[in-house]
**Q** 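Next up is a structure, given as structure tokens.
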Amino acid sequence: MDYKNTLNLPSTDFPMKANLVKKEPEILEKWEKEDIYSVIRDTSKGRPAYILHDGPPYANGNIHMGTAFNKVLKDIIIKSKQMDGYNVPYVPGWDCHGLPIESQVDQELGDKKLEMTQSAVRKKCREFADRFIKIQRDEFKRLGVFGEWDNPYLTMNYNYEATIVREFGKFAINGSLIKSKKPIYWCNSCGTALAEAEVEYEDDISPSIYVRFPFVSDLTLNYPSLAGKDIFIAIWTTTPWTIPANLAVALHPDFMYVAIDTPTYGVLILAEGLLEYFLSTAGIEDYTIIERFNARELEGLKVKHPLYSRESIIILADYVTLDVGTGCVHTAPGHGQEDYESGLQYNLDIYSPVDDKGRFTKDVEFFAGQEVFEANRNVIQKLSELGVLIKEEQVTHSYPHCWRCKNPVIFRATEQWFISMDKKDLRARSLNAIRGVEWVPSWGEERIYGLIENRPDWCISRQRSWGVPITIFYCLKCGNYFISQEIVDHVAQLVEKHGTDVWFDLSAAELLPKGTTCPECHGDEFRKETDILDVWFDSGVSFTVLEQRDYLSYPADLYLEGSDQHRGWFHSSLLCSIGTRQKAPFKSVLTHGFVVDGSGRKMSKSRGNVISPEEVINKYGAEILRLWVASEDYRGDIRLSQEILDRLTEAYRRLRNTFRYLLGNLYDFNPLTDTIPYQELLELDRWALHRLQELTETVIKSYKRFEYHSIYQAVYNFCVLTLSSFYLDILKDRLYTSPVNSKERRSAQTALNEILEGLVRLVAPIIPFTADEVWGYLPNKERPISVHADLFIPVREEFKDSSLIKRWDLLLNVRKEVTKALELARKDKVIGHSLDATVSLALPKDLSQGLEDYRDELRTICIVSAVEFVDEGTIEGGYESQEYDGLIVKVMPSPFPKCERCWIHDSAVGHDTGHPTLCKRCVQVI
RNA sequence: GGGCCUAUAGCUCAGUCUCGGUUAGAGCGCACGCCUGAUAAGCGUGAGGUCGUUGGUUCAAUUCCAACUAGGCCCA
């Protein structure tokens, strides 16, 4: 007779092989059909809300691994908060305006652009953004991310654009807005401003000149050695044309400077560290050092401009280096980024006497009307004539060029709009607010604090097309610019209806409320501003979405982005919110690191180490990608490699198989009728339930702390150690051989069911596809349509029994020793399967006390045919425990025949004539 | 060049921070073996680490401090 048919072997349709790549789209379709997101919204009505406000990705390409990581992390938070009892709506967003899209559209259009109106080009930009929003949306959905995908917030939506106009209006009206000069990249031949991304660096040959500026301040008082001499400071530059705009000379605050006396050039002051370099370059051999200075002693002294009869001031700046030159840096605040910052610091004019075509303006003596690059020659000539030129040569260096016309570009100061950091105490109020926000990890606080503390005023204007206009008007009569609440409201209404195209399509008169007159001169003819807003302002006011949708709330509970956003979105959002609402838009801010390759290098095309989300999804499935997100500690760099993916795939299989095995053993279990009350469960099953509570506690706590890698480790170890290699392995005998409806079997199933129900929920936020697939196979069908619409099962205190755990710790430890002994016996070919063995234990006193009541459990948990306790000294040979002094384990092959049904060797096998190959227990079962 | 961050077995993570103190843990992978009633599964045993480097503090440092190296983010 084939007794195998009399066993209760596991049985389930839940497939062992996941085939995620094929299965996931089916599950997505099911979710779509069920409208799972709405179902979750409905079922969680009335629960406390948890608002994670989405940082809008930029809509100009497919998502990369960083975007995928970020979105999955958000989704894990959303799903886990949801299952932890909150109502967690999620409105995804996209950042739509800005230069990258405008540039890409420019390239697609080519020369056609020249014949198009600004609005027509903007329309192309809108279509471009739209295209990629759809693509990215599908990519995010494919990752299993739940959200309001059919109603996201887009910064180019008309109502959002109107909001931007209104928020900008608040700054303008409250007095934070200022207009001032700032140097930007400028292409002389195109006559346009360029963004940083629009310049290309290429090697160029430039003049390199050394010039001496005579001192005006009297140095002889403090330095008598200099008495009676002509004293100069020596500077070096590769842009002679900026000399007319020189207003200062910068020294490094920590460098030493020397004064050298030369027969040809008089006394020259320069950095000590560049003395040798300078002397050899300038060809000076005859000199004497007559004085040394600390740079700080010279700060504020005056020198004379080498060309004009005005003064230039000596200032200090960190960016001065000893690489090349003299350590005394010619500073023209209107023609360089660093020069500009020094100019602000020392309150210098941002002087930039150059027009749109790159020609000196008429008030520039000697060079008026000359194009700056052509003027280089003349400037050098003039310096030479005036006897202030020390040396001229040529250098090859990397210099910025216009990406369009390939000509060299210049820095030119132009009028720009700024939000003042200090006029309305924006900086102070922001710094104060930072202290009230929870930053995770905590160092984020210092990082953003430092940035806000030191940043200059926020330049919010751009000379581009694809963006939200700065809605300011100018009076044609008096030149005054103005804005008012009435104008803001009026324009915002127009924008809400027609989008910001309206600004480009209509005239100033059409855009203004009827009867508007200039508040200064009552003129009635106007022009509109042509600049648009920095896109960081667009996304910076995204918290308005939280106010405008009644199911969201401001401020958000959480903002979550990469650590680069301390300078980006966290930063602009904070400023926008503080500036208009006096409080931070977020209660807490979580940051993650960047995705790097297996050896910690950044992913880049040139390195060839890029792994795309698409690649992972198509080869392994989104679930593996999500498991990766959960498994990595994201506070630092996040590594990704083929090996990591392979490991995760194997781990996934293990998790899946654990679920499958649990399901397989519950095929005949009806929780409603077959559940055994806790107090009547076998000890081992109660032990398992206690372990489940510990796991639940760890996992729920880790979800709260956003520490998903701990969850991954805990769940995985639970499946492998607690379940697979221990509990489930031991349970097999009881599950398979006991009568179907026996208490022992139902006791095991009660525990298994509890474990399955708990586990499937705990992992659902991380592997939502698999969890929901498992959900469909659970024994009891009275449940929500998806695991994601349900809640975690909280820790059940009544399932905890720490004294039981303590007793069993000993059993587990002894088991470990027995397993070692079994392995040795196996090596010696004494046994194969552990059930072939009978084990004799010589126990020291302290052990025998704890084990006396567990003689039978020991046999079961060691999965051997018999365990007997014997006196010390009666055993010969045997394995001596390293853990317990005096514990000796002797493994022998069982002398009894093997029961054909349960595989246990037993003395009673053969005693029953009806079933001569079965043990007593199995005979009874049959 | 500056600000912030990271560095523990081949891989992913514990431990160190708030207590510095016997042989630094886990799983995976690897090697070897068992089973064939979770079977393109399951079980066991074992080998892997001068805790990035160098100094300092200390009776004692992976743990505290400093510098350096490598890498990451943001600036310049």
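It should be emphasised that the depicted structure is a prediction, and the values quoted were computed from it without experimental measurement. Chain letters run A, B, ... following the sequence lines, proteins first, then strands; residues in each count from 1.
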**Q** Base contacts versus sugar-phosphate-only contacts with protein, heavy atoms under 4.0 Å: please encode nucleotides 6-17 of chain B as B, S and - from 5' to 3'.
**A** ----BSBSS---
**Q** Compare the minimum distances between each of B/C73, B/C28, B/U36 and the side chain of A/Y716, then state the nucleotide with the smallest one.
**A**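 Among the listed nucleotides, the one closest to the side chain of A/Y716 is B/C28.
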**Q** Let's see if you can work this out: which of B/A38, B/U36, B/G72 has an atom nearest to the side-chain heavy atoms of A/M16?
**A**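 Minimum distance to the A/M16 side chain belongs to B/A38.
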**Q** Determine the interatomic distance between P on B/A9 and the same-named atom on B/A24; round to the nearest Å.
**A**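 Taking atom P in both B/A9 and B/A24, they lie 14 Å apart.
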**Q** Side chain of A/R447: nearest nucleotide among B/A26, B/U39, B/C4?
**A**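 Closest nucleotide to the A/R447 side chain: B/C4.
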**Q** Quick check: closest heavy atoms across A/S865 and A/R859, and the distance to 0.1 Å?
**A**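 Between these two residues, the closest heavy atoms are O-CD, 3.3 Å.
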**Q** Do the ring planes of A/F69 and A/Y634 sit parallel (below 30°), tilted (30 to 60°) or perpendicular (above 60°)?
**A**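 Perpendicular: the ring planes of A/F69 and A/Y634 meet at over 60°.
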**Q** Quick one: look up who B/A31 pairs with, Watson-Crick or G-U, both distances under 3.5 Å, and put none if it's unpaired.
**A**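 The base-pairing partner of B/A31, which may sit in any strand shown, is B/U45.
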**Q** Using Watson-Crick or G-U wobble geometry with both distances below 3.5 Å, tell me the partner of B/G1, or none.
**A**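 Matched B/G1 with B/C75 under the 3.5 Å cut-off.
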**Q** Report which part of the nucleic acid A/L648 touches: base, sugar-phosphate, or nothing (heavy-atom distance under 4.0 Å, all strands).
**A**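 The answer is nothing, as A/L648 stays clear of every strand by at least 4.0 Å.
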**Q** Report the base-pairing partner of B/A26 (Watson-Crick or G-U wobble, both distances below 3.5 angstrom), or none.
**A**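 B/A26 is paired, partner B/U12.
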**Q** Provide the distance between the two C1' atoms, one in B/G52 and one in B/U58, to the nearest whole Å.
**A**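 My reading of the C1' atoms in B/G52 and B/U58 gives 23 Å.
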**Q** Using a 4.0 Å heavy-atom cut-off, does A/E338 contact any base of the nucleic acid, only the sugar-phosphate backbone, or nothing at all?
**A**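 Counting heavy atoms under 4.0 Å across all strands, the contact made by A/E338 is with sugar-phosphate only.
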**Q** Going through the checks in order, is the salt bridge (charged side-chain N to carboxylate O under 4.0 Å, His left out) test met by A/E446 and A/R435?
**A** CA-CA 10 Å; A/E446 284 318 304; A/R435 299 300 189 207; 3.1 Å; yes
**Q** If you assign A/I831 and A/E446 each to the RNA chain B nucleotide with the nearest heavy atom, which residue ends up on the more 5' nucleotide?
**A**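 Upstream on the strand: A/E446.
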**Q** When only distance counts, do a donor and an acceptor, one from the side chain of A/S724 and one from the base of B/A38, lie under 3.5 Å apart?
**A**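 Donor-acceptor pair under 3.5 Å: yes.
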**Q** To the nearest angstrom, how far is A/W903 atom CH2 from B/G42 atom C1'?
**A**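 Distance check: A/W903 CH2 to B/G42 C1' gives 12 Å.
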**Q** Using purine N1 to pyrimidine N3 plus N6-O4 or O6-N4 for Watson-Crick, or N1-O2 and O6-N3 for G-U wobble, each under 3.5 Å, what pairs with B/A70?
**A**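 Its partner is B/U6.
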**Q** Between A/W628 and A/Y620, is the ring centre distance below 6.0 Å?
**A**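 Distance test on ring centres: not under 6.0 Å, no.
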**Q** Give one of base, sugar-phosphate or nothing for A/G450, where a contact means two heavy atoms less than 4.0 Å apart.
**A**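 The residue A/G450 makes no contact with any strand.
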**Q** Report which part of the nucleic acid A/R815 touches: base, sugar-phosphate, or nothing (heavy-atom distance under 4.0 Å, all strands).
**A**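 Here A/R815 touches no strand at all.
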**Q** Nearest to the side chain of A/R826 - B/G42, B/C34, B/G72?
**A**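 Nucleotide nearest to A/R826's side chain: B/C34.
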**Q** What class does the angle between the rings of A/F570 and A/W439 fall in, given that below 30° is parallel, 30 to 60° is tilted and above 60° is perpendicular?
**A**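 Perpendicular: the ring planes of A/F570 and A/W439 meet at over 60°.
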**Q** Using both distances under 3.5 Å as the test, list the Watson-Crick or G-U wobble partner of B/C64, or none.
**A**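 Pair assignment: B/C64 / B/G56.
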**Q** Should A/L752 and A/L731 count as side-chain neighbours, where that means a heavy-atom distance under 4.5 Å?
**A**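 A side-chain contact under 4.5 Å exists here.
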**Q** In whole angstroms, how far is the P atom of B/U45 from the CD atom of A/E883?
**A**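 Distance check: A/E883 CD to B/U45 P gives 12 Å.
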**Q** Quick one: side chains of residues 329-338 of chain A, donor-acceptor pairs under 3.5 Å with protein atoms, not counting sequence neighbours, listed by atom name and distance.
**A**
from   : atom 1 : to     : atom 2 : distance (Å)
A/H330 : ND1    : A/N246 : ND2    : 2.7
A/H330 : NE2    : A/T242 : OG1    : 2.7
A/T331 : OG1    : A/V329 : O      : 2.9
A/H335 : ND1    : A/F411 : O      : 2.7
A/Q337 : NE2    : A/E341 : OE2    : 3.0

**Q** Kindly point out which of B/A38, B/G46, B/C28 is positioned nearest to the side chain of A/V720?
**A**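 So the side chain of A/V720 is nearest to B/C28.
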**Q** Is A/N657 touching bases, backbone alone, or none of the nucleic acid, heavy atoms closer than 4.0 Å?
**A**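 It contacts base atoms.
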**Q** Say we look at B/C68 and B/G2: how far apart would their P atoms be, to the nearest angstrom?
**A**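 The answer is 9 Å between these two P atoms.
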**Q** If we take the C1' atom in both B/G3 and B/G49, what is their distance in whole Å?
**A**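 About 34 Å, rounded to a whole number of Å.
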**Q** Give a yes/no answer on whether the side chain of A/R660 brings an N or O atom under 4.0 Å of OP1 or OP2 in B/U39.
**A**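 So the side chain of A/R660 is within the cut-off, an N or O lying under 4.0 Å from OP1 or OP2 of B/U39.
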**Q** Using the C1' atom in both, what is the distance from B/U18 to B/U23, to the nearest Å?
**A**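 The answer is 27 Å between these two C1' atoms.
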**Q** May I ask you to verify if any side-chain N or O of A/K827 is less than 4.0 angstrom from the OP1 or OP2 atom of B/G33?
**A**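 No.
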**Q** Starting from the 5' end of RNA chain B, give me the residue, A/D836 or A/Q565, whose nearest nucleotide shows up first.
**A**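 By nearest-heavy-atom nucleotide position, the 5'-most residue is A/D836.
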**Q** Any Lys/Arg nitrogen of A/D668 or A/R745 sitting under 4.0 Å from an Asp/Glu carboxylate oxygen of the other?
**A**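 Salt bridge flag = yes for A/R745 with A/D668.
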**Q** Contact class for A/G664 vs. all strands (heavy atom < 4.0 Å): base, sugar-phosphate, or nothing?
**A**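 Here A/G664 touches no strand at all.
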**Q** Mind checking the P distance from B/U6 to B/A67? Whole angstroms is fine.
**A**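 Approximately 15 Å lies between the P atom of B/U6 and that of B/A67.
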**Q** Check the distance between B/A38's C1' and A/N8's CG and give it to me in whole angstrom.
**A**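 Value for this atom pair: 15 Å.
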**Q** Go through the structure and list residues passing ring pair (Phe, Tyr, Trp, His ring centres under 6.0 Å) with A/Y559, not counting sequence neighbours.
**A**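 Partners of A/Y559 under the ring pair (Phe, Tyr, Trp, His ring centres under 6.0 Å) test: A/H53, A/W569, A/F586.
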**Q** Syn or anti for B/G49, please, going by whether the chi angle lies within 90° of 0.
**A**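 Anti for B/G49; the angle lies over 90° from 0.
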**Q** Between A/K732 (NZ) and B/C35 (P), how many Å, whole number?
**A**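 Rounded to the whole Å, the gap is 14 Å.
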**Q** Reckon A/Y449 has a side-chain N or O less than 4.0 Å from the OP1 or OP2 of B/C4?
**A**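 Checking A/Y449 against B/C4: no side-chain N or O falls below 4.0 Å of OP1 or OP2.
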**Q** May I have the distance from A/L723 (atom CG) to B/A38 (atom P), rounded to whole angstrom?
**A**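 From A/L723 CG to B/A38 P: 15 Å.
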**Q** Could you work out the separation of B/C65 and B/G20 based on their P atoms and round it to a whole Å?
**A**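 Result for the P pair: 12 Å, nearest Å.
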**Q** Sticking with atom C1', work out how far B/C43 lies from B/U39, rounded to a whole angstrom.
**A**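 So the two C1' atoms sit 13 Å from each other.
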**Q** Taking NZ from A/K816 and P from B/G25, how many angstroms apart are they, rounded to a whole number?
**A**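 My rounded result for the distance is 12 Å.
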**Q** Specify the separation, in whole Å, of atom CD of A/E823 and atom P of B/C43.
**A**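 The answer, rounded to whole Å, is 14 Å.
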**Q** Taking CZ from A/R607 and C1' from B/G72, how many angstroms apart are they, rounded to a whole number?
**A**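 Computing the A/R607:CZ to B/G72:C1' distance gives 11 Å.
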**Q** Are A/E707 and A/K701 ion-paired here, with the side-chain N under 4.0 Å from a carboxylate O?
**A**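 A salt bridge is absent here (no side-chain N lies under 4.0 Å from a carboxylate O).
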**Q** Does either side chain, that of A/N665 or that of A/Y736, offer a donor lying less than 3.5 Å from an acceptor on the other one?
**A**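 Checked: A/N665/A/Y736 side chains show no N/O donor-acceptor pair below 3.5 Å.
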